[in-house]
Amino acid sequence: MAAPVDSVGKPTAERSPFNSTSFQKKTRSKLISIPGTRPSVQNGQLLVSTGVTSLDYLLGGGLAVGTVLLIEEDRYDSYSRMILKYFLAEGVVCRHELFVAAAQDNPDDILQELPAPILDDVAIHKPVDQPRLSCEPQDSLDAMKIAWRYQNLPKVQSALASTSRFGHYYDVSKTMEPEIRQAAKCHRFYLPEHPTQTSATHSPMIESYSALLKSLQEVIHREGFDVAASMPRSRNILRVGLHSLGSALWGDDLSCHDNPRHSHALTTFLYGLRALLRSSLSVAVVTVPSHLIQDRALMGSITRLCDNAIALESFKGSERETNPLYKDYHGLLHVHQVPHLNCLANQLPDHKDLAFKLKRKQFTIE
């Protein structure tokens, strides 16, 4: 009787691996875990913060890695430059690597103007409930009643904010400590330090943009931000800040003439930039002086070549500056382009009437 037991037990031992695999629990693929990032709840795309919490909320939770945010500058380039500094300051705090390119100001000067991070308890959107005193009568608390014609209206929160915390807060009245700023690794591209030569061959991209794109490509491949490269021990994010592209300082006549000779130089550069970012752990913020570009059709092409596009309309020097309707704000914000990544429908903002204001310490969108 012992032999049949052994013969029966042997096939069961051979079949056990097949039985175990048929009921094996499926495991999810591991997501890339990088400090200062989180996956999007809409499409699972890896997001980074812009440094402005209200702008993160407007863009669907943050900037997706591998995308380009276009900021159409205000006339005096004060608020667009501030958002760029917020974006770079968030990268310094999250220990991301930076790539800063400019033609007018030295990138070191831009980095020295980064706002200082502040404590979490300084910028709290919801007011803290005060403890009720035991001797305070209930009748006095209910003494103030809202008017009957407004009591059924829904409550509106003017400041854009999300329930989940993402990013940090900054004080624009102070600059970042040099010790914190120098701890981050930064790659600089200053156009006067990269002399360009006019090419004999006819190319739609001018030499300044070509040198910028080549320098960025070298940094991405050398520092291991390329997705196709071998996986290093720890991954990181490259934040790219490109200031005032399309201006005459870059050698582009896009904003100087009605019929520019290099009409497709910036669009060709953005096409190459977008292709380069799609295959790397990088995210870019580009500012463009759109108010100087006369060709609206060409400006539309520039907008469509970027994933996100917002425009800042400042009240400085306009009649709206003295208009009592806009006394609490410093300008209007227009959303021209939102991304539709990994889905057929894009994430539309909840509000269309948007304005920004600069408080004593913070830049907010309401």
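By convention here, the first residue in the shown sequence is residue 1. Computation of the quantities below employed the complete heavy-atom set of this structure, encompassing side-chain atoms and omitting hydrogens, waters and symmetry-equivalent molecules.
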Going by an N to O cut-off under 4.0 Å, is there a salt bridge joining [X] and [Y]?
X    : Y    : value
K357 : E366 : yes
D108 : R188 : yes
R274 : D307 : yes
R75  : E313 : no
D105 : R81  : yes
D252 : R261 : no

Over all atoms of both residues, closest heavy-atom pair of E319 and T322: O-OG1, 3.2 Å
Between F315 and Y326 (judged by ring centroids, cut-off 6.0 Å), do the two rings come close enough to count as a pair? yes
Flag the pair Y329 / F356 as yes when their ring centroid distance falls below 6.0 Å, and as no otherwise. no
Donor-acceptor under 3.5 Å ([X] side chain, [Y] main chain):
X    : Y    : value
T287 : S244 : yes
E321 : G317 : yes
Y86  : F363 : yes
H96  : V92  : no
S78  : D74  : no
Y209 : G246 : yes
N308 : T67  : no
S215 : A211 : no

[X] [atom1] to [Y] [atom2] distance, which is reported to the nearest 0.5 Å:
X    : Y    : atom1 : atom2 : result
H264 : I206 : NE2   : CD1   : 13.5 Å
T267 : M299 : OG1   : CE    : 11.5 Å
C94  : I34  : SG    : CD1   : 11.0 Å

Neighbour count above 12 (heavy atom, 6.0 Å) for R95 CZ: no
Just checking, any donor-acceptor pair under 3.5 angstrom between side chains of S80 and E73? no
I'd like to know if the side chain of E72 pairs up with that of H336 as donor and acceptor (distance under 3.5 Å, no hydrogens or angles considered). yes
Below 30° counts as parallel, above 60° as perpendicular, anything between as tilted: where do the rings of F189 and W250 land? parallel
Contact check, side chains of [X] and [Y], non-hydrogen atoms, under 4.5 Å:
X    : Y    : answer
L69  : V286 : no
L254 : I302 : yes
Y79  : K316 : yes

Within 45 degrees of the axis of the six-membered ring of F166 and under 6.0 Å from its centre: does R38 put its NZ or CZ there? yes
Do the numbers put R239 on top of the ring of F99, so that NZ or CZ is under 6.0 Å from the six-membered ring centre and no more than 45° off the axis? no
Going through the distances and angles, do S280 and D226 end up as a side-chain hydrogen bond (donor to acceptor under 3.5 Å, both in side chains)? CA-CA 4 Å; S280 63; D226 196 348; over 6 Å; no
